[in-house]
Trainee: 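To start, I am sharing the structure in question, which I have written as structure tokens.
Below, chain A is the first sequence line, B the second, and so on; all start at residue 1. No hydrogens, no waters, no symmetry mates; every other heavy atom, side chains included, goes into these values.
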Amino acid sequence: MTAPAIELKGISKAFGPVQANKDISISVQPGTIHGIIGENGAGKSTLMSILYGFYKADAGEIFIKGQKTLIPDSQAAIRAGIGMVFQHFKLVENFTVLENIILGAEHGAMLNSSLSNARKELKHLAEEYGLNVDPDEVIENLSVGHQQRVEILKALYRKAEILILDEPTGVLTPAEADQLFRILDRLREEGKTIILITHKLREIMEFTDTVSVMRRGEMTATVKTSETSPEHLAELMVGRKVLLRVDKKPAEPSETVLDIKGLRVVDEAGVERVKGIDLTVRAGEIVGIAGVAGNGQSELLEVLGGFADGTGEITMNGTALPLTGHGADGQARRAAGISHVPEDRQREGLIMEFAAWENTVFGYHHSPEIQNGILMDNNGIYTEAEAKMQRFDVRPPDPKLAAKNFSGGNQQKIVLAREIERNPDLLLIGQPTRGVDIGAIEFIHQQVVNLRDQGKAILLVSVELEEILSLADRVVVMFDGHITGERVASQTNEKELGLLMAGITDTSAVANGNGGNENSTQEVHADG
Amino acid sequence: MDKMPKWADIVLIPLISLFLAAFFSALVILAIGENPIAALKLMVDGALMRSAGWGYTLYYATNFIFTGLAVSVAFHARLFNIGGEGQAMLGGLGVALACLYIDWPHWSLAILGASVGAACFGALWALIPAYLQAKRGSHIVITTIMFNFIAAAILNYVLVELLRPVGAMDPASAKFPEAVHLPTFQDMFSTEGSKLFRGAPANVTFFLALLACLVVWVLIWKTRLGYEIRAFGESETAAKYAGISPVRITVIAMLISGALAGMMSVNTTMGESERLILNSTEGAGFIGIAVALMGRNHPFGVLLAAILFGFLYQGGAELALWTSIPRELIVVIQALVILFTGALDNMVREPLEKLFIAMRRRNA
């Protein structure tokens with residue numbers, strides 16, 4: 001057996017009272033893809049940051065190809081042959097591909113020789129690994145998938161033998177993700193070692209050779225992928241059995257609640273983001289909007305929620321809603337029976353510095369039942385918040401704690417408790433489980449389904465296809481501000497939706513797929 | 001989890017900062033050849049050991065409470081109102097107009113009228129920068145500081161050209177009528193046998209300032225408007241989501257802020273000089289920034305910080321009077337206090353936080 005490409009022994013790291021990594025040991029064989037999976041805050045990112053020289057471990061050793069190696073900074077990591085592809089790319093938008101690749105690795109004061117060397121090297125890399133990118137194209141003109149290739153090329157240009165990818169598919173269409181994994185396969189064949197950090201169990205199951213599970217700073221298991229199952233991995237991550245499917249009856253939709261006709265939204269930069277869409281949502285059904293992030297779904301939610309202007313027609317229970325001005329603000333929308341769990345709970349749904357109890361009335365602070373003369377009935381709000389947190393199993397159940405001190409999943413439960421218990425006619429819900437740990441996902445999905453079963457209309461926006469497929473009754477796909485297709489969730493599959501998400505409306509080749517069964521597996525994630 | 005207990009944040013940090021400021025001030029005093037301990041004793045004697053000293057300290061503190069509250073209210077909406085000076089100047093104009101042109105039967109009515117006048121003029125002076133910020137995005141720091149200069153120019157013009165009594169030489173309004181004379185602490189607290197607060201300018205406005213602290217506390221933490229102001233201050237995107245109008249909150253917060261700054265002039269113009277003079281604000285608008293910083297934007301903290309700065313003002317005047325320590329050095333000491341309590345807050349905070357975390361770990 002050859003020496004492992006990378007081996008960690010007893011790595012520990014604490015931030016103040018928080019033990020982010022506790023005595024972690026892994027060993028990754030060269031020429032393999034090793035997955036690391038774990039819930040939010042399980043310590044995956046900390047571990048990778050130690051490996052890349054951003055943090056210094058309190059204890060433990062790193063061995064590269066059997067050699068003990070110190071990695072005090074990222075330059076040392078690069079020298080040791082480690083390359084990192086971050087979730088958020090570190091590219092200069094208005095530089096060309098070539099300029100970005102040599103950035104920080106220029107030889108000498110003059111750029112010309114570096115550039116021509118890099119051009120040769122790049123051509124060579126492109127041929128060897130199938131990483132085709134035009135070296136003279138400016139980054140901002142490239143698709144997200146191609147930008148990611150540039151990141152990979154950057155690492156390879158620096159002679160990386162070990163490639164770490166942090167949540168690489170979060171921003172990709174299914175087709176782009178597929179291409180990425182083909183490239184990773186090729187890199188593996190050429191003997192590179194790849195560490196894949198992801199929250200998607202499917203990617204782990206399909207593409208990795210071995211997988212390590214982290215929970216609360218500890219490495220709970222390292223197993224061969226072929227010898228495990230998604231259910232088993234989920235259990236290892238959470239520490240208990242997790243229901244991976246959404247338990248729901250078929251929908252029984254009745255009258256139309258929300259009716260959108262010809263809606264257009266122009267953003268602050270003057271770019272049209274929603275280009276005339278028609279959409280209805282009926283009582284008792286969940287309509288899921290699928291699409292790669294940035295194709296107009298967020299703007300649609302913002303207009304419906306009352307914090308962006310639009311043009312067109314929206315009727316709610318038969319009454320037209322204004323789309324601009326004071327009558328179209330969040331207060332007016334709430335009065336019309338629309339509740340909204342926003343996509344970004346930290347920037348929109350909650351005031352992070354406010355205590356939980358203050359957040360339980362955020363947006364509804366004008367409601368008459370929480371007023372006490374000219375003052376707010378703070379005692380009443382507090383008591384009710386305590387009860388709400390109990391009902392929605394928010395942990396810790398302490399209303400005095402500031403919102404920022406709760407985990408992502410518990411923050412989301414606070415928002416959900418507030419919005420669902422208002423008993424809305426229509427619930428808008430954006431990225432309900434982004435950054436939420438797997439145990440809470442189960443609970444959140446169940447709450448949404450319960451609301452549907454009470455005959456409420458629900459409009460769900462998510463970039464997670466599996467979530468859409470398992471939660472929604474009807475799926476609408478958005479691409480570039482248009483609706484490219486509508487399918488019944490139980491009669492479509494990821495491939496078909498993937499094509500629609502890329503703007504290809506002819507899906508006859510992959511339609512009538514029997515994706516219904518495999519898609520009932522719910523998205524499972526935990527990033528960070 | 002919070003990094004350290006609340007009491008450490010509220011009490012310990014300001015005390016340590018204050019101690020550091022005192023230490024460096026002592027070095028400065030040593031460097032010019034004076035005895036820092038004697039200087040401190042003189043300041044304490046002059047400002048706190050006699051009732052007249054307290055009368056001055058609380059007079060200054062009254063000004064700083066109003067301007068400190070003004071900065072705090074705006075800051076809860078994350079608006080940095082550094083135009084308190086100008087708003088107070090115009091507030092003085094409001095006081096003068098109310099006192100000169102309305103025939104008040106009694107001071108108690110006059111102080112209400114003058115307060116309304118001061119608040120309206122101060123608020124008006126804050127309204128224009130607020131509107132420009134809310135609607136046009138002109139930065140409030142730039143506009144409010146510019147408005148300080150405009151206010152000074154306007155006051156100058158009004159005093160010289162309009163309010164100056166015929167034949168008078170100095171740029172000041174006529175003396176206010178006797179009926180609007182506010183009771184001073186001497187009037188209120190002296191008994192037959194003993195004269196307390198002799199000659200000191202502290203007056204009934206101090207209680208108005210205490211009332212203002214209470215009102216601001218209720219406003220910020222107990223009312224819907226305060227909730228909206230704080231929410232908007234913490235996150236504008238979240239405020240929009242909740243249907244809180246940024247324009248409305250910006251304007252309202254600045255109006256309240258300007259009104260509070262303006263009300264400072266009730267103390268100086270009506271309570272002390274009893275006529276409108278050119279430089280009655282004496283930089284209190286700027287001290288308000290330091291007071292708010294040190295008081296953590298909480299009315300109770302503002303009250304304590306205002307008294308501290310009142311002490312520094314009065315103690316400083318005593319030093320200038322009795323020693324060869326120049327008046328300018330007092331400004332240096334005040335600057336050191338501002339530097340350590342405000343700007344260098346993190347210098348004390350971070351080591352202290354680490355200490356508390358380390359202690360907690362040892363106990364755990």
Trainee: At a heavy-atom distance under 4.5 Å, which candidate from B:K354, B:E228, B:R230, B:R224 has the highest pair count against chain A?
Mentor: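 Ranked by contacts with chain A, first place is B:R224.
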Trainee: Please look at A:I374 and chain B and tell me whether the side chain, the backbone, both or neither of the residue comes under 4.5 angstrom of a heavy atom of that chain.
Mentor: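 A:I374 touches chain B through backbone heavy atoms alone.
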Trainee: Which atoms of A:Q346 are under 4.5 Å from chain B, going by heavy atoms: the side chain, the backbone, both sets, or neither?
Mentor: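 When you check distances to chain B, no heavy atom of A:Q346 falls under 4.5 Å.
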Trainee: Is chain B contacted by the side chain of A:H366, its backbone, both, or neither, given a heavy-atom distance below 4.5 Å?
Mentor: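 Both backbone and side chain.
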Trainee: Flag the pair B:R78 and B:E236 as a salt bridge only when some basic side-chain nitrogen lies within less than 4.0 angstrom of an acidic carboxylate oxygen.
Mentor: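 So B:R78 does not pair with B:E236 through a salt bridge.
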Trainee: Checking A:I370 against chain B: side chain, backbone, both or neither under 4.5 Å from a heavy atom?
Mentor: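 Neither part, no heavy atoms under 4.5 Å.
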Trainee: Is a donor from one side chain sitting under 3.5 angstrom from an acceptor on the other, for A:S339 and A:Y364?
Mentor: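 Checked: A:S339/A:Y364 side chains pair up, N/O donor to acceptor below 3.5 Å.
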Trainee: State whether A:E343 and A:R434 are salt-bridged, where the test is any N-O pair (Lys NZ or Arg NE/NH1/NH2 against Asp/Glu carboxylate O) under 4.0 Å.
Mentor: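 No salt bridge links A:E343 with A:R434.
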Trainee: Please state whether the side chain, the backbone, both or neither of A:R334 comes within less than 4.5 Å of a heavy atom of chain B.
Mentor: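 Looking at A:R334, just its side chain touches chain B.
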Trainee: With a 4.5 Å cut-off on heavy-atom pairs, point out which of B:S245, B:A231, B:S235 contacts chain A the most.
Mentor: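 Going by pairs under 4.5 Å, I would pick B:A231.
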Trainee: Would you check if there is a donor-acceptor pair between the side chains of B:S257 and B:N81 at a distance under 3.5 Å?
Mentor: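 Yes, because at least one side-chain N or O of B:N81 sits under 3.5 Å from a partner of the opposite role on B:S257.
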Trainee: Is it true that A:E369 and A:R422 have a side-chain N and a carboxylate O under 4.0 angstrom from each other?
Mentor: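 The answer is yes: the pair qualifies as a salt bridge.
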Trainee: Shorter than 4.5 Å, heavy atoms on both sides: which option in A:Q371, A:H340, A:E302, A:E358 has the most such pairs with chain B?
Mentor: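 Looking at each option in turn, the highest pair count goes to A:E358.
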Trainee: Does any heavy atom of chain B fall under 4.5 Å from the side chain of A:F362, the backbone, both, or neither of them?
Mentor: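 Both parts, backbone and side chain.
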Trainee: For B:Y227 and B:K222, test the side chains for any donor-to-acceptor distance below 3.5 angstrom and give the result as yes or no.
Mentor: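 Note: B:Y227 and B:K222 side chains miss the donor-acceptor criterion.
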Trainee: Could you verify whether a donor N or O on one side chain and an acceptor N or O on the other, from B:Q133 and B:H139, lie under 3.5 Å apart?
Mentor: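 Their side chains do not contain a donor-acceptor pair, so the 3.5 Å distance test is not met.
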